[in-house]
Amino acid sequence: MSVRPVIVVHGGAKTISEDKIAANHAGCRAAAEAGWQVLCQGGSAAEAVEAAIRVFESDQTFNAGFGSTMNSEGEVEVDAAIMDGATLGWGAVAAVQRVRHPISAARRIMEEKPRLLVARSGERFALEHGLEMCAKADLISEEQYQEWKEEAEVADRPNTVGCVALDVNGNLVAGSSTGGVTGQPQGRVGDTAIVGCGLYADNRLGACSTTGDGESIIPVVLAKTAIDALVGGNHPDQAAQYAIDTLIDRVEGEAGCILIDHQGRIGWAYNSQDMAIAYMNEDLSEPAVFTGKEQPLAIA
Ligand code: GLY
């Protein structure tokens with residue numbers, strides 16, 4: 001029996017200033033549309049998640065791929081991961097440079113052998129597997145460079161992007177991609193590439209992608225905490241809120257998460273001021289897009 005596909009994307013838990021709302025809406029809509037095209041043509045959830053995140057990684061509005069935030073040395077170092085809920089397979093890269101689409105590297109790693117490849121090892125893998133490479137500087141946007149040069153205190157720091165998808169075969173996949181934290185020391189790696197923290201997927205329960213402060217997300221294993229909260233049939237919106245409440249209770253920091261459960265129900269929660277989100281399913285003619293959650297989703 002064919003399952004009704006669903007996709008949810010997020011462009012990060014953050015403060016979104018008035019002048020950035022349109023760009024966040026457009027980017028989330030484009031990412032959801034790219035993933036949806038894959039799903040509604042019968043493609044796999046892994047293909048859809050990769051397609052959606054590649055859109056974010058090409059858009060300087062978001063902290064992933066091109067336009068990522070810069071580290072203390074004025075460089076972009078990126079992390080990404082993907083997880084397949086059917087097999088519990090996963091792949092990840094961290095602190096890599098010169099890789100145009102880190103999510104594609106993560107997916108190729110997952111297909112070959114689950115592991116996390118860091119820095120030169122991740123770059124070598126991408127090169128040897130024919131993935132698109134670029135000069136280090138090609139991932140730096142003019143806006144991020146100016147902010148770094150001026151050591152600007154910017155209110156609306158970008159944050160990690162991600163996607164969760166359910167395909168017609170009932171497979172759930174989660175993916176996340178990030179440039180990390182502004183001014184981070186060279187080689188610092190947050191939650192995004194770490195299974196259970198930046199993402200999790202299990203066909204028996206659901207798929208989750210997180211965003212926010214890695215140092216806060218890691219100790220509460222945010223994505224797995226959200227997935228475990230689905231046990232017993234809890235709605236994904238309740239599970240997402242439980243995970244964020246756990247983070248608030250136990251550590252300081254801002255975070256958000258998106259969820260799809262194995263029935264295709266969706267949910268999200270965050271404790272930042274805003275969070276850019278879009279979702280798409282067969283009932284909609286175009287993606288529903290948000291920069292915040294005005295009211296709880298209807299719990300069905
Ligand atoms: N969530 C991104 C990071 O902390 O690196």
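Values below: every heavy atom of this structure, side chains too, minus hydrogens, waters and symmetry copies. All figures in this text were calculated on a predicted structure; none of them were measured in a lab. In each ligand, atom 1 is the first atom listed, and ligand 1 is the first ligand listed.
- Salt-bridge formation is not detected for the pair Lys20/Asp274: no Lys NZ or Arg NE/NH1/NH2 atom is positioned less than 4.0 Å from an Asp or Glu carboxylate oxygen.
- The aromatic rings of Tyr279 and Trp268 are tilted relative to each other, their planes meeting at an angle between 30° and 60°.
- Considering Glu215, Glu77, Arg188, Gln184 only, the shortest heavy-atom separation from atom 5 (O) of ligand 1 involves Arg188.
- For the pair Val164 and Val49, the minimum side-chain heavy-atom distance is 4.5 Å or more.
- Every N/O-N/O distance between Gly180 and ligand 1 stays at or above 3.5 Å.
- Contact atoms of ligand 1 toward Thr192: 1 (N), 2 (C) (distance under 4.0 Å to a heavy atom of the residue).
- Of all the atoms in ligand 1, the ones that sit under 4.0 Å from a non-hydrogen atom of Thr178 are 2 (C).
- In terms of polar-atom proximity, Asp191 is counted as a contact of ligand 1, with an N or O under 3.5 Å from an N or O of the ligand.
- Partners of Thr210 under the side-chain hydrogen bond (donor to acceptor under 3.5 Å, both in side chains) rule, at least two apart in sequence or in another chain, are Asp191.
- Glu73 has no carboxylate O lying under 4.0 Å from a charged side-chain N of Lys136, or vice versa, which leaves the two without a salt bridge.
- Taking 4.0 Å as the cut-off, Thr160 counts as a neighbour of ligand 1 on heavy-atom distance.
- Here's the thing with Gly214: one of its N/O atoms is less than 3.5 angstrom from an N/O atom of ligand 1.
- Arg29 is linked by a side-chain hydrogen bond (donor to acceptor under 3.5 Å, both in side chains) to nothing, counting only residues two or more places apart in sequence or in another chain.
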